[in-house]
Q: 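Pasting in a structure now, in C-alpha cells, and then I'll have a few things to ask.
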Amino acid sequence: KLFSISLLKVKIWFSIYLTNGQWAQINIKSKCRLSRLWELKYWLLEELAFNILKLGNWKPNSKTIEFVLTMFKLNILWYLKIIVYFAVIRKDRYFDIGEYIEITNKMLLNLSGKKILVTGIANNRSIAWGIAQQLSKAGAELGITYLPDDKGRFESKVRELTEPLNPSLFLPLDVQNPAQIEEIFKNIKDNWGQIDGLVHCLAFAGRDELIGDYSATTSEGFDRALNISAYSLAPLCKAAKPLFSDGAGVVSLTYLGSERAIPNYNVMGVAKAALEASVRYLSAELGPEKQVRVNAISAGPIRTLASS
C-alpha cells in the first residue's frame, strides 16, 4: 500500500544541436507511481518523441506519431536515432513511413550481393529460421541446408518453409557424413564462386542425455552430442576456407549453459563450452589469413521446439 500511493517525481533536461547551429532544449517532467515504475520509461519516450517531432515545424500525421511511439516502446535507443535523423539531421517537415522502413533496413543491415549458407533450419521455431529471414530481408542470397532422412520429411518441410526466401542453393547436410560436407562446398564453388557468410545452427543431444544426472551420460551420447554440436563447426570451416571472401563471417549459436550448470541441459552445456573454444581457435586461424570473423552468439531464452 505504501508503494501504491508513493509518487516518483522525474525531471529531465537535455539539448539537441540543430544543423542550423542552434540548440533546442527539451524539458520533461513526470510523476509515476513506484508500483508501476516500468510505465515511466514509456511515458518519457512519448514525451521525448513529441518534443523532437516539434523541432523545425516538423508536421507528421497522427498515424505517423502512433507508429513512431509504438516503435519507441519496442526499441528505445535505435528508434530515437531514427527520429533524430529525420527531424534534426535531415530537417524534414514530413515523415514518410515507407522511407522510414527503407532507411531503417539500410542502416540496420545491408547484405546485398552477399552469399550466405544457413544450416540447422528444422521448423518455423528454429533460431536458424529467424536468422535466415533477417538475412533475406537484408538482401543476402541464401543457401539452405536440411537434414536428410529416408522418407524425405525434413526436406519437404524445410523446402516449403524457406520457399519465400528464394534460396539459390538447397542442399542436404548431415555433418556426420564428410562426403556431404564436401559436396556442399563443391556446389558453392560451382554456383557462387565464393562464400561471404556461414551460419552454424547445428546441435543435437539424445533425450536421455538431457534429463537426470549428468554423470549418467553414455559414451555414445556424449560423442554424438559433441560431434554434431561442437566439432561440426571445424570441418565446415575447413571446407569453406578456400572459398571465404575477405572479411567473411562465421556465426554459431551458444548458450549460458556453457558457463553455468543449467538443469536438464547436461551434455549440451559441455558441447556449447567446446563450441566456444572452437570459435576462439578458428578465429585465431581464419582471422589473420583472410580477416574472417568467427563468433558465437547466445540468443537468450527462446521457446524453440528443442527447448519446449
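None of these values were measured; they are calculated from a predicted model. Counting begins at 1 with the first residue of the sequence.
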Q: Mind checking the OG-NZ spacing from Ser245 to Lys114? Nearest 0.5 Å is all I need.
A: 5.5 Å
Q: Which residues pass the salt bridge (charged side-chain N to carboxylate O under 4.0 Å, His left out) test with Arg293, not counting sequence neighbours?
A: none
Q: Give the cluster check for Ile195 versus Ile144: same hydrophobic cluster or not, with ILVMFWY residues linked at side-chain heavy-atom distances below 4.5 Å.
A: no
Q: Looking at every heavy atom in both Asp174 and Pro148, which two are closest together, and how far apart are they?
A: N-CD, 4.0 Å
Q: What is the distance from atom CG of Asp208 to atom CD of Glu220, rounded to the nearest 0.5 Å?
A: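 If we round to the nearest 0.5 Å, Asp208:CG and Glu220:CD are 11.5 Å apart.
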Q: What do you reckon, is OH of Tyr214 surrounded by more than 12 foreign heavy atoms closer than 6.0 Å?
A: yes
Q: Check the hydrophobic clustering (I, L, V, M, F, W, Y; side-chain heavy atoms under 4.5 Å; chains of links allowed) and say if Leu142 and Leu111 are grouped together.
A: yes
Q: Transitively linked via ILVMFWY side-chain contacts under 4.5 Å: Ile116 with Leu253?
A: yes
Q: Is the backbone of Leu165 close enough, under 3.5 Å, to the side chain of Thr162 for a donor and an acceptor to pair up by distance?
A: no
Q: Out of curiosity, does Trp129 fall in the hydrophobic cluster containing Leu169 (side-chain heavy atoms, cut-off under 4.5 Å, transitive links)?
A: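 In one cluster with Leu169: Trp129, no.
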Q: Is there a side-chain hydrogen bond (donor to acceptor under 3.5 Å, both in side chains) between Ser112 and Asn110? Walk through the geometry before answering.
A: CA-CA 6 Å; Ser112 299; Asn110 184 4; 2.9 Å; yes
Q: Whether the side chain of Ser283 engages the backbone of Val279 through a donor-acceptor N/O pair (distance < 3.5 Å, no angle test) should be reported.
A: yes
Q: Can you tell me how far apart CD (Glu289) and CG (Asp246) are? Round to the nearest 0.5 Å.
A: 11.5 Å
Q: For the OG atom of Ser298 and the CD1 atom of Ile127, what is their distance to the nearest 0.5 Å?
A: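 Rounded to the nearest 0.5 Å, the OG-CD1 separation comes out at 8.0 Å.
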Q: Please say whether more than 12 non-hydrogen atoms of neighbouring residues, nucleotides or ligands are located less than 6.0 Å from CD in Glu182.
A: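 Open.
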Q: Are Phe204 and Leu210 connected into the same hydrophobic cluster when the rule is that any two of I, L, V, M, F, W, Y join if their side-chain heavy atoms are below 4.5 Å apart?
A: no
Q: If I compare all heavy atoms of His200 with all of Ser252, which pair ends up nearest, and what's the gap?
A: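 Scanning both residues, the minimum pair turns out to be ND1-OG, 2.9 Å.
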Q: Can you see which heavy atom on Thr145 is nearest to which on Thr119, and at what distance?
A: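 Looking at all heavy atoms of both residues, the closest pair is OG1-CA, 3.3 Å.
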Q: When rounded to the nearest 0.5 angstrom, what is the spacing between CG in Leu135 and CG in Leu117?
A: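 Atom-to-atom, Leu135:CG and Leu117:CG are 11.0 Å apart.
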Q: For Lys186, does the NZ atom sit with more than 12 other heavy atoms under 6.0 Å from it, leaving out its own atoms?
A: no
Q: Pro288 and Glu285: which non-hydrogen atoms are nearest, and at how many Å?
A: CD-O, 3.8 Å
Q: Can you pull the ring-ring contact (aromatic ring centres under 6.0 Å, His included) pairs that have at least one residue in residues 148-196, sequence neighbours excluded?
A: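 Those involving residues 148-196 are Tyr146-Phe170.
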Q: Tell me, yes or no, whether the heavy-atom count around Glu163 atom CD, taken from other residues, nucleotides or ligands under 6.0 Å, exceeds 12.
A: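 No.
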Q: Mind listing the closest non-hydrogen atom pair of Leu233 and Val250 along with its distance?
A: CD1-CG1, 3.9 Å
Q: Ignoring hydrogens and angles, tell me if any N or O in the side chain of Ser156 forms a donor-acceptor pair with the backbone of Arg153 under 3.5 Å.
A: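 Yes; at least one donor-acceptor contact below 3.5 Å.
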Q: Heavy atoms only: give me the nearest Gln194-Asp196 pair and the separation to one decimal.
A: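 Distance-wise, the nearest heavy atoms are NE2-OD1, 3.5 Å.
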Q: Can you tell me how far CG of Leu161 sits from CD1 of Ile121, rounded to the nearest 0.5 angstrom?
A: 6.5 Å
